[in-house]
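Convention: sequence-line order gives letters A, B, ...; per-chain numbering from 1. Computation of the quantities below employed the complete heavy-atom set of this structure, encompassing side-chain atoms and omitting hydrogens, waters and symmetry-equivalent molecules.
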Protein chains: 2
Amino acid sequence: MATISKETARRLDPEKLATSALALADTEGLEAVTIRRLAQQHEVTPMALYRHFSDKDDLLAAIGDRMLADIALPEPTDERWDVQLRAILTAFVAALRPHPKVAQLALFRILVTEPGLALAERTMELLIEAGFSVDDAAEVGRQSICSLITLVNMEPGSAEVTDPIGREDALRAKRAALAALPPRRYPLITAAADVLVCPTSTDAYYELGIDLAVAGICGILTDRQQH
Amino acid sequence: MATISKETARRLDPEKLATSALALADTEGLEAVTIRRLAQQHEVTPMALYRHFSDKDDLLAAIGDRMLADIALPEPTDERWDVQLRAILTAFVAALRPHPKVAQLALFRILVTEPGLALAERTMELLIEAGFSVDDAAEVGRQSICSLITLVNMEPGSAEVTDPIGREDALRAKRAALAALPPRRYPLITAAADVLVCPTSTDAYYELGIDLAVAGICGILTDRQQH
DNA sequence: ACGTTAGGTCTACGTTGTACACTTGTCAAC
DNA sequence: GTTGACAAGTGTACAACGTAGACCTAACGT
């Protein structure tokens, strides 16, 4: 039974390590992801992890890959290019949304991991169909992807503490700080304090972000076609 | 001479500390900004810094404030709102551009420091003039600002090593990795490898980013006015 | 039966942020 | 003047981090 003996021999598995590292980051933040901590969770010596990851950056890359693997890329249809692009970007955001605290780790892995490459290729296809040159499609695509990662990464509240009490306190403190501003000098900021601290709906937040990205692409397309 | 004695007494000055911390970050990256390192530069014990910053986050916040202080906000004119908005966002990006490695530190300080608040208030003014509700203006404004910070932070090459030889090597390696992809599977990515690794012109990169942001805002404005 | 090797352990080093107790130079008030 | 308070810098110390390097050991191919 070669498989079983192998299983007993190798107690650690890079996939599972990346998965539990991701879970740890989701609940306690990226700074909680520590070689020692992860080793402890798997009842293993810290140095054992280095048999599977060359260094910590390698582990973080694995977390990024783990998230990108969850992209459910929609099949090409015969809808208009912008409709399809929106669907693709929505799928991308959907894959990252569960992990706002570490979404930025996905960025460096897009042009490395297969799901990321597939996403990039499909995006460029649609942009070229829209009328962009290859180079413009590359630049526009990168900036859009980048914006969306930031959208997830900056999801309001993701930076805050994990425990709901502390988070509520932090939000209250922020709101108070904004409310304490002189309303005569900053009428709009004080008026919008609540929304600035935490948007009304997370879904609306994401929809707005994707809308902005797609609308931006459509906008510069018509602009650049004129010249 | 009370001033002189005071000057000799307080060898450290939070402003100067923040400035040299920013310079250090610009040349060697954020991870080079260390309490010990900064203390050494000022010929002082590490713990001395804690008389002026409550902890390291406080120091990083000061770096963010230092950058925001460089915003040269244009005076209101009677041009169209989108022209003025573009000017404001350009001024914002211009202030951050010299510091791509630490631009993200500015984000959390916008609604705290005066120059950031002024930027936010002016931005909201213009968005409301454009036709957004107060709440929408807040959300759109935040996302746009956020996008632009990321634009600077992800300026191609900013993450790379500081010394030009190592940077050139890294770029070459990246290009090679993309060129090694199967062109049949990823025709567009391989075709655009050069641009994906490093855009042709940094100025064009920033102009595209700002164009995308403004065009996105204009786009969703017409969208939402219809419903 | 036996070397090879993959996977985990143990120990140790240098670096980080920072808590705490201390000295010292300066000024206000008596 | 003397004194007491106080702000600023020092010295020592600790826990946590990433990781280098030598070791052990159990399974595998031959």
Side-chain angles (χ1 to χ4, degrees), chain A residues 1-22 24-25 27-64 101-102 104-105 108 159 161-162, chain B residues 1-22 24-25 27-64 101-102 104-105 108 159 161-162:
Chain A
M1 325 250 297
T3 47
I4 283 190
S5 45
K6 252 184 191 165
E7 297 286 334
T8 53
R10 39 163 59 234
R11 307 163 48 185
L12 259 37
D13 167 21
E15 290 259 347
K16 295 199 186 267
L17 282 173
T19 301
S20 67
L22 177 55
L24 187 55
T27 59
E28 301 193 35
L30 186 53
E31 71 281 358
V33 177
T34 277
I35 300 279
R36 291 174 142 91
R37 182 91 184 261
L38 197 56
Q40 193 178 358
Q41 279 195 351
H42 289 258
E43 297 178 310
V44 134
T45 290
M47 289 307 293
L49 301 196
Y50 286 87
R51 296 285 164 188
H52 308 278
F53 301 101
S54 62
D55 57 9
K56 192 174 180 183
D57 279 350
D58 198 27
L59 170 65
L60 297 182
I63 296 181
K101 296 183 188 174
V102 283
Q104 78 266 20
L105 296 179
F108 320 99
V161 218
T162 157
Chain B
M1 323 252 294
T3 48
I4 282 192
S5 46
K6 253 184 193 167
E7 296 286 333
T8 53
R10 37 166 58 237
R11 307 162 48 185
L12 260 36
D13 167 21
E15 289 260 347
K16 296 200 185 266
L17 282 173
T19 300
S20 67
L22 177 55
L24 188 54
T27 59
E28 301 192 35
L30 186 54
E31 71 280 358
V33 178
T34 278
I35 300 280
R36 292 175 143 90
R37 182 90 185 262
L38 198 57
Q40 192 178 357
Q41 279 195 351
H42 289 257
E43 297 176 310
V44 133
T45 290
M47 288 309 292
L49 302 196
Y50 286 87
R51 293 287 159 187
H52 308 277
F53 301 101
S54 63
D55 56 10
K56 192 175 178 182
D57 279 351
D58 198 28
L59 170 64
L60 297 182
I63 296 180
K101 297 182 187 176
V102 284
Q104 78 267 17
L105 297 179
F108 319 100
V161 217
T162 156

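To the nearest angstrom, C1' of D:dT25 lies 12 Å from CZ of A:R51. Taking atom CZ of residue A:F53 and atom C1' of nucleotide C:dG7, one finds them 14 Å apart after rounding to whole Å. Atom-to-atom, CG of B:L38 to P of D:dG9 comes out at 13 Å; the value is rounded to the nearest Å. Per the geometry, NE2 belonging to A:H52 stands 8 Å off C1' belonging to C:dG8, to the nearest Å. A:L59 has its CG atom 14 Å from the C1' atom of D:dT19, to the nearest Å.
The CD atom of A:Q40 sits 11.0 Å away from atom OG1 of A:T45, with the distance rounded to the nearest 0.5 Å. Note: B:H42 NE2 to B:R37 CZ = 11.5 Å, rounded to the nearest 0.5 Å.
By the 6.0 Å contact criterion, CD on B:Q41 is enclosed, its count of non-hydrogen atoms from other residues, nucleotides or ligands being greater than 12.
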Would you list the protein and nucleotides 15-17 of chain C atom pairs, both N or O, that sit under 3.5 Å from each other?
residue : atom : partner : partner atom : Å
C:dG17  : OP1  : B:K56   : NZ           : 2.7
C:dG17  : OP2  : B:I35   : N            : 3.2
C:dG17  : N7   : B:R36   : NH1          : 2.6
C:dG17  : O6   : B:R36   : NH2          : 3.4

Show me the donor-acceptor pairs within less than 3.5 Å that the side chains of residues 51-61 of chain A make with the rest of the protein, sequence neighbours left out.
residue : atom : partner : partner atom : Å
A:D55   : OD1  : A:D57   : N            : 3.4
A:D55   : OD1  : A:D58   : N            : 3.1
A:K56   : NZ   : A:V33   : O            : 2.9
A:D58   : OD2  : A:S54   : N            : 3.0

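The shortest heavy-atom contact between B:R36 and B:P46 is CG-CG, 4.0 Å.
Sorted by residue number, the members of residues 39-49 of chain A with any non-hydrogen atom under 4.0 Å from DNA chain C read A:V44, A:T45, A:M47, A:A48.
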